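The structure appears below as structure tokens.
Because the structure is predicted, anything quoted here is derived from the model rather than measured. Every chain is numbered from 1 and lettered A, B, ... according to where its sequence line falls, protein lines coming before strand lines.
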There are 2 protein chains.
Amino acid sequence: MYQTVKPKIDSVQSDCGVCPIKRRAVCAYCEAQDLAELEKIKSYKTYAPGEMIIWTGDDMRFVGSIVSGVASLSQTMEDGRRQMVGLLLPSDFVGRPGRAKAVFDVEAATEVTICRFDRKPFEKLLVKLPHLSGRMLEMSLDELDAAREWMLVLGRKNAREKIASLLSIIARREGELHKKPLLDGAEFDIKLTREAMADYLGLTLETVSRQINALKKDGVISLQGKRHVKICDCARLMMETGDDDDGGMVI
Amino acid sequence: MYQTVKPKIDSVQSDCGVCPIKRRAVCAYCEAQDLAELEKIKSYKTYAPGEMIIWTGDDMRFVGSIVSGVASLSQTMEDGRRQMVGLLLPSDFVGRPGRAKAVFDVEAATEVTICRFDRKPFEKLLVKLPHLSGRMLEMSLDELDAAREWMLVLGRKNAREKIASLLSIIARREGELHKKPLLDGAEFDIKLTREAMADYLGLTLETVSRQINALKKDGVISLQGKRHVKICDCARLMMETGDDDDGGMVI
DNA sequence: TTGCCACTTTGATCTGGGTCAAAGATTAAA
DNA sequence: TTTAATCTTTGACCCAGATCAAAGTGGCAA
């Protein structure tokens with residue numbers, strides 16, 4: 001029995017990478033069952049950079065997860081003020097089971113591929129497969145902690161600390177994807193414009209630009225081009241975030 | 001069968017009010033089963049105003065829900081800057097299944113009674129009772145949306161809009177408890193000091209004081225004492241929050 | 001009823017980051 | 001290779017909200 005389903009896990013996993021939800025310690029058999037059921041209702045879609053994946057108020061026909069690329073989750077006020085409330089990287093979940101209308105915008109920052117599941121059948125599976133809902137719960141609790149940690153950044157940190165926090169989070173998540181720890185010399189692309197960073201941090205794009213260049217001048221980071229960052233001094237960057245220790249930050 | 005368990009629902013519900021988790025549309029039978037199981041592992045504890053319920057880093061022996069009173073969920077930086085990341089009112093969940101160490105402080109703002117469940121047995125029930133984990137999922141997704149909505153307040157609203165947002169949220173949640181809609185003339189106590197409000201809004205207590213008195217001077221609200229608020233003009237208050245419409249705000 | 005303590009208000013001043021403006025850089029299209 | 005469009009940097013100035021300081025308020029314990 002185990003033998004016959006084992007290949008299925010691999011095929012599904014290699015197929016869509018991390019979909020439908022971040023992999024956890026679950027017995028292989030149950031995971032295979034879940035994935036096999038999900039397999040039937042999934043499809044893929046790719047979005048161009050800058051394309052809107054979901055508009056606030058849209059009917060939500062699907063949920064899914066990011067396979068590749070970076071997307072932003074954000075809110076906009078009528079006067080144009082915008083706040084990003086989440087940065088969606090590969091393995092992150094998109095959409096909300098149980099909700100018919102979107103309450104946030106989702107926009108592709110780079111080219112983005114999403115593994116999608118029709119919402120209604122997905123919700124039925126959620127009831128049928130306890131492991132699936134268990135993992136969804138675990139994920140949403142992690143995201144909730146991450147959102148709450150971000151509130152400290154938005155509410156109490158100054159501009160320099162905000163930039164340092166953003167860089168350390170992107171660096172850490174980038175490292176996770178490639179299974180590398182965060183060390184001096186780590187390099188990565190920021191896949192966001194200065195404006196998108198500002199929208200995430202509750203700043204203006206001018207302030208973001210000034211603070212990034214200040215961190216560069218102070219030798220904490222170095223830049224190659226506008227978007228490619230090298231972290232020269234990890235410990236220093238962590239200090240600059242204003243957080244106590246090496247960063248128990250979630251996400 | 002239904003008949004024999006029905007009284008149990010009532011007894012449990014009247015016993016601890018809303019525990020263990022916000023009531024939803026679930027078939028009465030399943031709910032009764034869940035509650036009967038939970039009944040066995042629950043206990044109550046009451047905390048004095050100002051008392052710490054959980055310190056960041058504590059071993060989490062229990063999870064539970066607020067029965068009465070108001071508590072705050074917050075984070076503190078070493079230099080003393082503090083950010084409240086959640087306001088816990090009756091029916092709100094406390095703690096995180098699957099996590100052994102607390103990552104936020106929980107403090108009683110008023111006298112608080114909590115209906116507690118030992119964490120380990122609760123986690124086992126979570127696996128055993130699909131309805132329970134389903135409802136937990138629904139709750140945590142709601143809280144996640146609420147946290148994200150609050151990010152807009154922290155990141156993009158000015159002091160006056162922040163105060164208006166806080167008042168409208170407290171008023172709305174207060175109304176929910178008493179099943180009253182939010183109308184002109186609605187009254188309630190703010191069960192937070194100016195400092196706690198400041199910590200929720202990412203402001204200083206002086207700014208909170210000034211802005212509350214500004215809203216009073218402008219006839220949006222009136223005060224009896226320092227903490228009792230009457231909303232004179234609901235529509236106006238909603239305008240002052242800066243949000244587009246009547247407020248799809250969660251929480 | 002007095003005194004204390006915690007909370008709140010109010011005033012004066014300062015400053016971090018916003019705003020406005022203009023000039024680079026980079027990429028892509030024509 | 002010029003033109004255009006988008007993104008980024010830099011400078012000058014300003015203001016909302018922080019900071020510092022002091023006085024006002026109310027509840028309650030002795």
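Base engagement by B:T204 is indicated by at least one non-hydrogen atom pair under 4.0 Å involving a base atom. Among the protein residues, B:G50 comes within range of no part of the nucleic acid, since none of its heavy atoms lies under 4.0 Å from any strand. Note on A:L205: a base of the nucleic acid sits closer than 4.0 angstrom, heavy atoms only. Using a 4.0 Å heavy-atom cutoff across all strands shown, A:R227 reaches sugar-phosphate atoms only and no base atom.
For D:dA18, one of the phosphate oxygens OP1 or OP2 lies less than 4.0 angstrom from a side-chain nitrogen or oxygen of B:T207. Look at A:N158 and you won't find any side-chain N or O under 4.0 angstrom from OP1 or OP2 of C:dG16.
Counting only N and O atoms by type, the side chains of A:S165 and A:S168 include no donor and acceptor under 3.5 Å apart. A donor-acceptor pair shorter than 3.5 Å cannot be found between the side chains of A:S74 and A:D105.
Nucleotide C:dT9 holds its P atom 12 Å from the CG atom of B:L215, rounded to whole Å. The separation between B:L192 atom CG and C:dC7 atom C1' is 14 Å, rounded to whole Å. Between A:K216 atom NZ and D:dT10 atom C1' the separation is 13 Å, expressed in whole Å. Rounded to whole Å, atom C1' of C:dG16 lies 14 Å from atom CD1 of A:I163. In this structure, the CZ atom of A:R194 is 9 Å from the C1' atom of D:dT9, given to the nearest Å. The interatomic distance linking B:E206 (CD) with C:dT9 (C1') rounds to 10 Å, in whole Å. Between A:E195 atom CD and C:dG18 atom P there is a gap of 13 Å when expressed in whole angstrom units. For the pair A:D199 CG and D:dC7 P, the interatomic distance rounds to 12 Å; values are reported in whole Å.
Side-chain contact check for B:I190 versus B:F188: some heavy-atom pair is nearer than 4.5 Å.
No side-chain donor-acceptor contact under 3.5 Å links A:D218 to the backbone of A:V220. A donor-acceptor pair under 3.5 Å links the side-chain atoms of A:E51 to the main chain of A:A48, judged by distance alone.
The nucleotide whose nearest atom lies closest to any side-chain atom of B:N213 is, among C:dT10, D:dT10, D:dG17, C:dT10. Here the nucleotide nearest the side chain of B:A159, chosen from D:dA21, C:dG17, D:dG17, is D:dG17. You'll find that the side chain of A:T193 is closest to D:dT8, out of C:dT10, D:dT8, C:dC20.
Salt-bridge check for A:D118 with A:R61: failed, with every basic side-chain N at 4.0 Å or more from each acidic carboxylate O.
Annotation: of the two residues near DNA chain D, A:K226 and B:K226, the 5′-most nearest-nucleotide partner is A:K226. Of the two residues contacting DNA chain C, namely A:G225 and B:R156, the nearest-nucleotide position lying further toward the 5' end is that of B:R156.
The base of C:dG16 is not paired with the side chain of A:R160 by any donor and acceptor separated by under 3.5 Å. The base of D:dT19 is paired with the side chain of B:R210 by a donor and an acceptor separated by under 3.5 Å.
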